[in-house]
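Worksheet for the structure shown next.
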Amino acid sequence: MSTIVQKYGGSSVSTPSKLKEVARRIVDTRNLGHKVVVVVSAMGDTTNKLLSLAKEVSPQPHRRELDMLLTVGERISMSLLSMAIQDLGAPAVSFTGSQSGIITTNTHTNARITKVRPTRVLKALEDDYIVIIAGFQGVSEKLEITSLGRGGSDTTAVAMAAALNADYVEICSDVDGVYSSDPRVVPEAHRVAEMSYEEMQNLADSGAKVLNAEAIEWAKRNQIEVRCVATNDPSRSGTNIKKLSQTHDVHHHSQISAVTSHPGLMKVQGPMSSSTKLCDCLNTYGITDADIYWQSSAQQEMWECWIPLLNLHQVEQMKHSLFALGASHIETDWSWVTMIGRSLLGLQETSSTGMEKSSELMHQEESSLLGQVSTLCQEHSLQATVLSFNPSALRWAIPIGQASQLVKVLHNTFIKMGN
Ligand code: ADP
Ligand code: ASP
Ligand code: MG
């Protein structure tokens with residue numbers, strides 16, 4: 001008998017009636033003869049509301065207590081979903097992350113799953129139950145309840161699928177797959193039927209919210225197929241993310257496959273002498289996904305650090321800590337725009353030495369991709385600066401208010417419809 005893990009996002013369970021529809025979909029899947037494990041997110045914008053509540057009480061909330069609060073959202077939906085399934089006549093049982101054996105690091109508000117010990121899940125499946133798991137949470141070795149960072153239910157689902165050796169994971173949300181750009185920003189974006197783990201990882205790392213980046217790491221490491229589908233689409237066609245052969249890559253994709261933006265970044269600069277203290281500071285605030293670049297000029301050597309704001313809930317406190325360690329400049333309203341593809345800049349054979357070759361190309365005439373983008377930015381009065389580049393991803397930093405326009409311009413210039 002095959003085991004399938006299904007994950008339902010917040011928009012799919014935002015109201016009692018939607019939750020009942022999801023219960024029906026789960027029971028239908030079981031009736032097809034599968035063992036079903038379900039990971040569920042908090043209803044609608046519950047997590048945002050809990051965060052606002054915390055900040056009304058404590059503007060720089062303590063991270064351990066924030067985890068105690070935020071993880072409640074998923075517990076509400078898991079228990080309600082289990083009730084709804086039982087009302088349809090199927091046996092179901094709900095478990096918290098801790099009860100499901102999701103073991104994490106102790107980094108509150110941004111923990112990483114270290115292992116999964118699914119003893120209770122396996123026993124319940126053996127006893128013929130549908131198992132409902134609260135996403136986005138686990139327990140640390142210190143027995144503290146932790147949360148996995150925003151969008152973390154995707155990671156719960158894929159890590160659990162790996163532990164159960166499931167046939168595949170279905171990520172059920174309000175969008176019927178992965179598009180060449182966020183369809184809310186670029187209505188002309190097209191759905192991609194199949195993607196490699198690497199391509200999706202690039203997209204997720206660059207801010208595409210449709211699938212969490214850590215979830216893709218788990219999928220790639222364990223070769224778990226991930227199917228992104230819309231909850232309310234009976235055809236269940238969407239995007240399959242799996243291992244793809246080289247031949248497939250070359251023949252079925254254009255050079256540039258997607259454009260995405262990563263909103264909400266803090267840009268911090270400081271002298272090289274404070275770089276060790278910077279790393280300590282990032283750890284203190286649970287920031288595991290910052291990007292740091294080195295810059296050297298005739299005057300001095302500097303670092304430039306880009307910190308995603310999504311899982312940083314003590315912004316003012318962190319700014320104080322950064323200035324105290326020697327940061328010279330902090331700005332919060334930044335975004336990245338990234339173009340994903342392969343052999344970008346014509347660097348097929350380059351990977352480790354990509355930086356050097358790309359630097360040469362940067363100085364070449366307008367025909368290079370970077371040159372073309374620079375011209376487009378001038379035409380549209382967009383203040384984008386190149387941040388990093390390699391053969392599969394080109395990234396620009398841009399003020400947050402201009403990011404969507406740059407995404408549209410790049411998508412509509414470089415990605416043809418229906419590719
Ligand atoms: P859920 O709550 O189900 O986890 P999310 O809101 O986290 O769903 O993710 C789905 C959203 O991701 C879509 O509504 C869409 O706006 C956004 N999105 C961003 N980039 C992409 C993309 N490349 N393809 C599809 N959706 C995207
Ligand atoms: N409820 C959490 C969030 O809103 C986790 C998730 O949806 O995956 O980020
Ligand atoms: Mg999500």
Side-chain angles (χ1 to χ4, degrees), residues 6-14 18 22 38-52 66-67 69-78 97 102 109-111 113 133-138 146-159 169-193 195 199-216 226 228-233 238-239 241 257-263 308 310-311 313 337-340 403-404 407-408 410-411 415:
Q6 294 181 333
K7 179 254 162 176
Y8 292 95
S11 55
S12 303
V13 291
S14 57
K18 283 191 168 189
V22 164
V38 175
V39 172
V40 66
S41 292
M43 295 171 76
D45 61 354
T46 301
T47 311
N48 286 340
K49 284 191 178 143
L50 291 172
L51 254 174
S52 306
L66 204 49
D67 273 354
L69 179 71
L70 297 187
T71 51
V72 168
E74 271 69 11
R75 293 186 187 205
I76 293 172
S77 41
M78 75 173 191
I102 305 280
T109 66
N110 203 9
I113 299 179
I133 297 173
F136 172 64
Q137 58 188 273
T146 52
S147 74
L148 304 178
R150 301 303 304 268
S153 299
D154 296 340
T155 314
T156 308
V158 183
V169 183
E170 219 177 27
I171 301 286
C172 310
S173 73
D174 59 353
V175 62
D176 63 345
V178 181
Y179 279 64
S180 52
S181 206
D182 185 342
R184 289 178 202 257
V185 177
V186 185
E188 299 84 3
H190 60 266
R191 183 160 51 111
V192 183
M195 277 189 132
E199 228 170 345
M200 189 61 225
Q201 198 160 20
N202 257 334
L203 207 53
D205 282 337
S206 305
K209 180 176 173 217
V210 62
L211 199 54
N212 184 280
E214 207 199 341
I216 285 298
V226 180
C228 295
V229 297
T231 304
N232 59 11
D233 175 7
T239 300
I241 300 153
S257 51
V259 184
T260 192
S261 70
H262 192 317
L310 195 62
N311 294 309
H313 306 296
V337 169
T338 311
M339 212 147 74
I340 316 280
S404 294
V407 169
K408 280 185 218 163
L410 294 184
H411 185 281
I415 303 186

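All ligand and atom numbering here is 1-based and tracks the order in the structure.
Scanning both residues, I102 and Q137, for their nearest heavy atoms gives CG2-O, 3.6 Å.
Using a non-hydrogen distance threshold of 4.0 Å, R191 does not register as a contact of ligand 1. For the ligand labelled ligand 1, residue S181 lies inside the 4.0 Å heavy-atom shell. For the pair G10 and ligand 1, a heavy-atom separation below 4.0 Å is found. Residue contact check for ligand 1: G151 places no non-hydrogen atom closer than 4.0 Å to it. Residue contacts with ligand 2: G10 is excluded, as none of its non-hydrogen atoms falls under 4.0 Å. Under a 4.0 Å heavy-atom criterion, G9 is not in contact with ligand 2.
With a 4.5 Å cut-off on side-chain heavy atoms, V158 and I216 do not count as touching. Looking at heavy atoms from C-beta onward, H190 lies in side-chain contact with I415 at the 4.5 angstrom threshold. Within the 4.5 Å cutoff, no side-chain heavy atoms of V178 are placed close to those of E199. Side-chain contact between L211 and I171: present, with at least one pair of heavy atoms (C-beta onward) separated by less than 4.5 Å. A heavy-atom distance below 4.5 Å is not found between the side chains of S257 and V192.
In this structure, atom 13 (C) of ligand 1 lies nearest to the protein heavy atom D174 OD1, 3.6 Å. Atom 27 (C) of ligand 1 has as its closest protein heavy atom V210 CB, 3.6 Å. Distance from atom 1 (P) of ligand 1 to its nearest protein heavy atom, with residue and atom name: G9 CA, 3.7 Å. Counting protein heavy atoms only, atom 4 (O) of ligand 1 is closest to K7 NZ, 2.9 Å. S153 OG, 3.4 Å is the protein heavy atom nearest to atom 6 (C) of ligand 2. At the top of the distance list for atom 21 (C) of ligand 1, counting protein heavy atoms only, stands D182 CA, 3.6 Å.
Checking T156, D154, T155 one by one against N212, the side chain to side chain donor-acceptor pair (under 3.5 Å) holds for a single residue, T155.
Remark: ligand 2 and R150 share an N or O pair separated by less than 3.5 Å (distance only, no angle test). Residue-to-ligand polar distances keep F136 apart from ligand 2: every N/O pair is separated by 3.5 Å or more. Here's the thing with Y179: one of its N/O atoms is less than 3.5 angstrom from an N/O atom of ligand 1.
Looking at R184, M200, K209, it is K209 that brings a heavy atom closest to atom 6 (O) of ligand 1. Of the listed residues (G152, G177, C228, S173), the one carrying the non-hydrogen atom nearest atom 8 (O) of ligand 1 is S173.
With no hydrogens or angles considered, no side-chain donor-acceptor pair links T109 and N311 at under 3.5 Å. In this structure, a donor-acceptor pair under 3.5 Å is present between the side chains of H411 and S180.
In the vicinity of V178, heavy-atom distances shorter than 4.0 Å reach the ligand 1 atoms 24 (N). For ligand 2, the atoms lying closer than 4.0 Å to a non-hydrogen atom of S41 are 6 (C), 7 (O), 8 (O).
Between L410 atom CG and T260 atom OG1 the span is 11.5 Å, to the nearest 0.5 Å.
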Please assess C172 against K7 for the test side-chain contact (heavy atoms from CB on, under 4.5 Å), listing each intermediate value before the final yes or no. CA-CA 6 Å; C172 310; K7 179 254 162 176; over 6 Å; no
For D176 and R191, run side-chain contact (heavy atoms from CB on, under 4.5 Å): C-alpha distance rounded to whole Å, both residues' side-chain angles, the deciding distance at 0.1 Å, then the answer. CA-CA 8 Å; D176 63 345; R191 183 160 51 111; 3.8 Å; yes
